[in-house]
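Here is the structure we will look at.
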Amino acid sequence: MDKLAVYPGSFDPITNGHLDLLERALKIFDRVIIAVASNPAKNPLFSLEERVEMIRGSLVGHALASRIDVDTFDGLLVNYVDRVGARAILRGLRAVSDFEYEFQMALMNRKLNNNIETLYLMTGMRWIYISSRIIKEVVVSGGDVKGLVPDVVEKKLIERLCASSRR
């Protein structure tokens with residue numbers, strides 16, 4: 001039986017920090033599902049379909065791509081995790097400031113379904129300072145994010161953010 005984990009998030013957009021965490025998770029799990037959350041309340045820059053497309057584009061040619069699925073979900077995460085047959089939620093922690101929110105979410109998820117565990121991996125030191133929000137801010141201000149996001153993501157960010165800032 002496969003050890004399956006779900007790596008949920010908005011991934012608006014996916015960064016090299018996300019990919020690093022995914023690669024390290026695959027040392028523990030046989031397969032990981034990147035589950036892109038449909039959460040319109042977050043007011044994402046990219047549509048659900050665009051985020052999935054960027055993630056899939058980021059995995060093209062990746063050595064571990066055959067062990068990674070990309071999916072979307074809405075509603076309760078624990079319901080999705082249960083439905084796909086996973087028993088673990090994978091989350092990344094960059095700093096102590098992430099911990100309080102993540103701890104609260106893990107406790108609620110355990111209350112909703114105590115058969116599902118939340119596992120945390122510390123973000124790699126190389127990526128500890130980046131987030132999707134910061135990446136977007138840098139691009140809209142004319143900065144360079146090469147090496148911080150996959151090439152396919154960098155291209156989409158420039159197309160979307162630089163075109164809208166010229167209006």
Side-chain angles (χ1 to χ4, degrees), residues 1-124 126-128 130-136 148-150 152-153 156:
M1 185 161 134
D2 276 353
K3 289 183 284 179
L4 174 64
V6 172
Y7 183 20
S10 57
F11 302 103
D12 187 41
I14 193 164
T15 69
N16 286 346
H18 292 124
L19 293 176
D20 175 66
L21 193 126
L22 180 63
E23 289 170 10
R24 290 186 298 120
L26 285 166
K27 293 177 183 176
I28 301 166
F29 297 97
D30 298 315
R31 291 186 315 118
V32 174
I33 298 172
I34 300 174
V36 184
S38 171
N39 185 353
K42 276 198 164 188
N43 196 20
L45 175 64
F46 295 103
S47 71
L48 198 57
E49 295 77 19
E50 288 172 316
R51 288 179 275 155
V52 167
E53 178 185 314
M54 284 188 288
I55 294 167
R56 287 188 175 138
S58 300
L59 296 171
V60 169
H62 195 286
L64 300 173
S66 65
R67 296 173 51 204
I68 303 164
D69 294 315
V70 183
D71 198 5
T72 62
F73 77 98
D74 58 11
L76 290 173
L77 174 60
V78 290
N79 292 346
Y80 173 80
V81 172
D82 192 50
R83 188 171 67 249
V84 298
R87 291 290 164 248
I89 297 169
L90 175 66
R91 299 292 294 167
L93 291 174
R94 287 181 303 239
V96 173
S97 57
D98 290 344
F99 181 76
E100 187 175 343
Y101 170 78
E102 292 293 341
F103 185 63
Q104 187 178 23
M105 292 303 298
L107 291 175
M108 179 53 76
N109 285 335
R110 182 177 294 156
K111 169 79 172 106
L112 294 169
N113 186 331
N114 66 1
N115 293 317
I116 297 171
E117 296 293 337
T118 301
L119 286 92
Y120 299 99
L121 289 178
M122 294 304 301
T123 300
R126 183 175 178 192
W127 313 111
I128 205 152
I130 67 169
S131 68
S132 297
R133 181 186 53 79
I134 289 174
I135 292 292
K136 290 182 279 196
L148 301 177
V149 294
V152 66
V153 172
K156 283 281 211 186

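Hydrogens, waters and symmetry mates play no part in the numbers below; they use all other heavy atoms, side chains included.
Between Thr15 and Val153 the shortest side-chain heavy-atom distance does not fall below 4.5 Å. Using a 4.5 Å heavy-atom threshold, the side chains of Asn16 and Pro150 count as touching. Between Pro13 and Lys156, the closest side-chain pair of non-hydrogen atoms is not below 4.5 Å. Using a 4.5 Å cut-off on side-chain heavy atoms (C-beta onward), Leu90 and Val6 make no contact. Taking 4.5 Å as the limit, some side-chain heavy atom of His62 sits within range of a side-chain heavy atom of Glu23. Under the 4.5 Å side-chain criterion, counting only non-hydrogen atoms from C-beta, Leu45 is in contact with Lys136. Put simply, the side chain of Leu48 reaches to within 4.5 Å of the side chain of Ser38, judged on heavy atoms. At least one side-chain heavy atom of Leu22 sits less than 4.5 Å from a side-chain heavy atom of Leu59.
For the pair Tyr7 (side chain) and Val36 (backbone), a donor-acceptor distance under 3.5 Å is absent. Between the side chain of Arg87 and the backbone N or O of Val81, no donor-acceptor pair lies under 3.5 Å.
Nearest heavy-atom pair, Arg51 versus Phe46, reported as atom, atom and distance to 0.1 Å: NE-O, 3.1 Å. In terms of heavy atoms, Asn109 sits closest to Ile89 at ND2-CD1, 3.8 Å. In plain terms, the two heavy atoms of Asp69 and Arg31 that are nearest each other are OD2-NH1, 2.8 Å. Closest of all the heavy-atom pairs between Ala106 and Tyr120 is CB-OH, 3.1 Å. For Gly92 against Leu21, the heavy-atom pair with the smallest separation is CA-CD1, 3.4 Å. Residues Asp82 and Ile116 approach most closely at N-CD1, 4.0 Å, considering heavy atoms.
Annotation: the span from Glu50 atom CD to Asp12 atom CG amounts to 9.0 Å, rounded to 0.5 Å. Separation of atoms CG (Leu77) and CG (Leu112) is listed at 10.0 Å; rounding is to 0.5 Å. Of the inter-residue distances, the one linking Arg24 atom CZ with Leu121 atom CG reads 5.5 Å to the nearest 0.5 angstrom. Between Met108 atom CE and Met105 atom CE the span is 8.0 Å, to the nearest 0.5 Å. To the nearest 0.5 Å, the span separating CG on Leu76 from CG on Asn113 amounts to 10.5 Å. For the atom pair Ile55 CD1 and Ile14 CD1, the distance stands at 4.5 Å (nearest 0.5 Å).
Note: Phe11 and His18 have perpendicular aromatic rings, judged against thresholds of 30 and 60 degrees for the angle between ring planes.
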For this session: Test Tyr80 against Asp71 for side chain to side chain donor-acceptor pair (under 3.5 Å), laying out the working first.
Result: CA-CA 10 Å; Tyr80 173 80; Asp71 198 5; 2.7 Å; yes

For this session: Any chance you could lay out the side-chain contact (heavy atoms from CB on, under 4.5 Å) test for Val52 and Thr72, step after step, and finish with the verdict?
Result: CA-CA 8 Å; Val52 167; Thr72 62; 3.5 Å; yes

For this session: Report the C-alpha separation of Thr123 and Leu93 in whole Å, then their side-chain angles, then the decisive distance to 0.1 Å, and conclude whether the side-chain contact (heavy atoms from CB on, under 4.5 Å) test is met.
Result: CA-CA 6 Å; Thr123 300; Leu93 291 174; 5.7 Å; no

Problem set entry | Arg110 and Glu117: CA distance, side-chain angles, deciding distance, side-chain contact (heavy atoms from CB on, under 4.5 Å) verdict | CA-CA 7 Å; Arg110 182 177 294 156; Glu117 296 293 337; 3.7 Å; yes

For this session: Carefully, step by step, assess Ser10 and Asn39 under the rule side-chain contact (heavy atoms from CB on, under 4.5 Å).
Result: CA-CA 8 Å; Ser10 57; Asn39 185 353; over 6 Å; no

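For the pair Asp30 and Lys3, the salt-bridge criterion is not met [side-chain N within less than 4.0 Å of a carboxylate O]. Between Arg126 and Asp20, none of the side-chain N atoms (NZ, or NE/NH1/NH2) sits under 4.0 Å from a carboxylate O, so this pair counts as no salt bridge. Comment: Arg91 does not engage Asp98 in a salt bridge, judged by the lack of any side-chain N to carboxylate O separation of less than 4.0 angstrom.
The number of heavy atoms from other shown groups lying within 6.0 Å of CE (Met122) is above 12.
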